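Being a predicted model, the structure only gives us computed values, none of them experimental.
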Amino acid sequence: MNNQQISKIFNNMADLLDLKGENVFRVRAYRRAAESMGSLAKEVSLLAPDELGAIPGIGKDLAGKILEFIQTGEIAHYEALKREIPEGVLELLEIQGLGPKTAMRLFKEKNVKSIDELEALIQSGQLAGMPKIQKKTEENILKGLERRRRGTERRPLGQVLPAAEAIVRRIKENGAVDRILLAGSLRRRKDDVKDADILTTSRDPQRVMEVFVGMPQVERVLSRGLTKSSVILQDGLEVDLRVVEKDSFGAALQYFTGSKAHNIKLREMAVRAGLKINEYGIFTIAEEKRLGGREEEEIYAVLGLPFIPPELREDRGEIEAALDNRLPNLVKLEDIKGDLHVHSNWSDGSHDLISLVRGAEEKGYRYIAVTDHTKGLGVAHGLDEKRLREQIKAIDGANKKLRDLLILRGAEVDIRADGSLDLTDDILARLDIVIASVHSGFKQSESQMTGRILSAIRHPYVSIIGHPTGRIIGEREPYPVDMEAVLKEAAHYGVAMEINAYPFRLDLNDHFIKMAKDLGVPLAVNTDAHVISHFDFMSYGISNARRGWLEARDLLNTLETVPLRRKLKACTDRKKNGT
DNA sequence: GCCGTTTTCGGCCCGACTGTTTTCAGTCG
């Protein structure tokens, strides 16, 4: 993945140039280019040289550096910068509250080249007393060091969202607030988040802030003002609360929802139109006349744009799409007609078939697919051919008694290291739906892994690839796989890619979802439920699907039962006929 | 360093809070 490497290098170069005190706009250009490279759908080495310049934020100079990296494996300018400033100095920037100016002074004046050396300097008492660094600053740096030690890694949405919603409820109950909403990456439903942003209006900001910083789960107050306060919770999560005027709520919501890249683009548009956007509203520059700000829609409307759903606000083409009036009509939770990946107590799930049916009925589903693990996954009591035959019989029996809901006969088979499946074709032929997933051999090379998944896609009975990249947020990196090749093959055979809604997975991620959609690959949002309460995870999968620009028609499980079964069968027929 | 239905040069999003200073730089989002 050259893209990620180049993105990392550009980010490092931005930091190094920042440390050197270079022009801030030059630094920003590198950061923007890094962002652009990181979210590029296509592998950059496959682009023609003149296509490089078309990437937003990449001009003549940076295109040259990208080419240089592809051809030689390094960038001379970057190597030179690293000789000038040791890489350990970059590490100092990871400390919250310590920025480029201080880091550079530490390096130049005290020869600090790493976090360890900074800690030694503090130990020796030589930090406080440097000009502009008094006791308070030292304390803040110590706190930043401690916070870094405890880890501030990004957390799964499914962990932070419930915690943040609980805080919102608490403030609502005690804080004399008027309107209150989550903002930031939580509102955009990003799959992993760094902190929680909450926005409110209130006639008594003092009181709201008191309630906020006084919550029992607050470990430390980072800052406290009348319009903004920040705290750190016992579990290390940072939460920011802002109180704004009623008339500014929409503008503030728009501003604090981000993303940064989306907002910068909007503001640039505004400036070109003689307007100014800040968190208080949208104004004409000439007369400072206020044109809106109470509602978020007003900001977009004044710019001549329809409302853009928060999940799309990543500067991945949504503003251009809005201008052309071709924003997607995003899929909603209510569009979902069933769950195609559910485990029962026949393998490692907790409930029997009837309980699962009850749970699904409560969601108003038309069908669920019971897709237990198979024998390759011994730890999960995977089913062998004999037990799967028994389960099929049990499902057929249960279906006879059901009127409004159908249980689809399924399995989540293992894609073995050589690409074969762990059950024989004659039993798979009796199923309505087969999910094929990788559960082992994560250390394979990219070409091996890709080949393995391609074989599964070509298998006549496979209709869905489960959690296609295998990542566990904050725990396990995705295994290396050429996703573009996988998606093209899936599009060719009509095999669906799963959007696994399990909060720690969210796999495919938003990025690959969009790529899949653009290539015409069908998708399915599944919860991978092992307990009935996991059915609730569907909303996380839907958020992810929305971030991938999906409409209801892009998903298998928005179909009614009959067309769904027809589509699954068509996929198998196509492969059997070798087309 | 990028970029252009105002521009190929001169702009580049905008403001809050903190700490160390007496008017502001640094950091963050």
Practice task
Report which part of the nucleic acid A:S230 touches: base, sugar-phosphate, or nothing (heavy-atom distance under 4.0 Å, all strands).
Solution key: nothing
Problem - Chi class for B:dT7: syn within 90° of 0, otherwise anti - result: syn
Practice task
For the side chain of A:K101, starting at C-beta, report the closest nucleotide among B:dC3, B:dG26, B:dG15.
Solution key: B:dG26
Practice task
Quick one: sort the A:H534 and A:F537 rings into parallel, tilted or perpendicular, breaks at 30° and 60°.
Solution key: parallel
Exercise for the section: Scan A:L266 against the nucleic acid and name what it touches under 4.0 Å (heavy atoms): base, sugar-phosphate only, or nothing. Expected result: nothing
Problem - Main-chain N/O of A:L121 paired with A:S124 side-chain donor or acceptor, under 3.5 Å - result: yes
Problem - Within 45° cone of A:Y78 ring axis and under 6.0 Å: A:K82 NZ or CZ - result: yes
Please table the atom pairs, donor to acceptor, closer than 3.5 Å between any side-chain atom in residues 501-515 of chain A and protein atoms at least two apart or in another chain.
unit_1	atom_1	unit_2	atom_2	d
A:D507	OD1	A:T469	N	3.0
A:D507	OD1	A:T469	OG1	2.9
A:D507	OD2	A:T469	N	3.1
A:D507	OD2	A:T469	OG1	3.3
A:D507	OD2	A:G470	N	2.7
A:N509	OD1	A:H511	N	3.1
A:N509	OD1	A:F512	N	2.9
A:D510	OD2	A:R316	NH1	3.4
A:D510	OD2	A:R547	NE	3.1
A:D510	OD2	A:R547	NH2	2.9

Practice task
Find the partner of B:dC2: check Watson-Crick (N1-N3 plus N6-O4 or O6-N4) and G-U wobble (N1-O2, O6-N3) distances, both under 3.5 Å, and reply none if neither fits.
Solution key: B:dG11
Exercise for the section: Can you tell me the distance, in whole Å, between the CD atom of A:E279 and the C1' atom of B:dC28? Expected result: 13 Å
Could you write out each protein N or O paired with an N or O of nucleotides 18-21 of chain B at a distance under 3.5 Å?
unit_1	atom_1	unit_2	atom_2	d
B:dT18	OP1	A:R224	N	3.1
B:dG19	O3'	A:T137	OG1	3.1
B:dT20	OP1	A:Q134	N	3.0
B:dT20	OP1	A:T137	N	3.4
B:dT20	OP1	A:T137	OG1	2.8

Practice task
Classify the nucleic acid contact of A:I95 as base, sugar-phosphate or nothing, counting any heavy atom under 4.0 Å across all strands shown.
Solution key: sugar-phosphate
Exercise for the section: Applying side-chain contact (heavy atoms from CB on, under 4.5 Å), name anything that partners A:D240, two or more places apart in sequence or on another chain. Expected result: A:D195, A:D197, A:S230, A:E238, A:R242
Problem - Nucleotide-resolved protein contact map, nucleotides 4-13 of chain B, B/S/- at heavy-atom distance under 4.0 Å - result: --B-----BB
Atom pairs and distances, donor-acceptor, side-chain atoms in residues 291-311 of chain A, under 3.5 Å, two or more places apart:
unit_1	atom_1	unit_2	atom_2	d
A:R294	NE	A:D247	OD1	3.1
A:R294	NH2	A:D247	OD1	2.7
A:E295	OE1	A:R179	NH2	3.0
A:E295	OE2	A:R179	NH1	3.2
A:E296	OE1	A:R187	NH2	2.8
A:E296	OE1	A:R313	NH2	3.4
A:E296	OE2	A:R187	NH1	2.9
A:E296	OE2	A:R313	NH1	2.8
A:E296	OE2	A:R313	NH2	3.4
A:E298	OE1	A:G293	N	2.6
A:E298	OE1	A:R294	N	3.1
A:Y300	OH	A:Q254	NE2	3.1
A:Y300	OH	A:H262	NE2	2.9
A:Y300	OH	A:R313	NE	3.1
A:E311	OE2	A:R546	NE	2.7

Fill in the blank from the handout: Residues at least two apart in sequence or cross-chain that pass side-chain contact (heavy atoms from CB on, under 4.5 Å) with A:L93, listed by chain then number, are A:D15, A:L19, A:L90, A:P100, A:A103
Handout entry: Donor-acceptor contact present, side-chain A:E51 to main-chain A:L47, <3.5 Å
Key = no
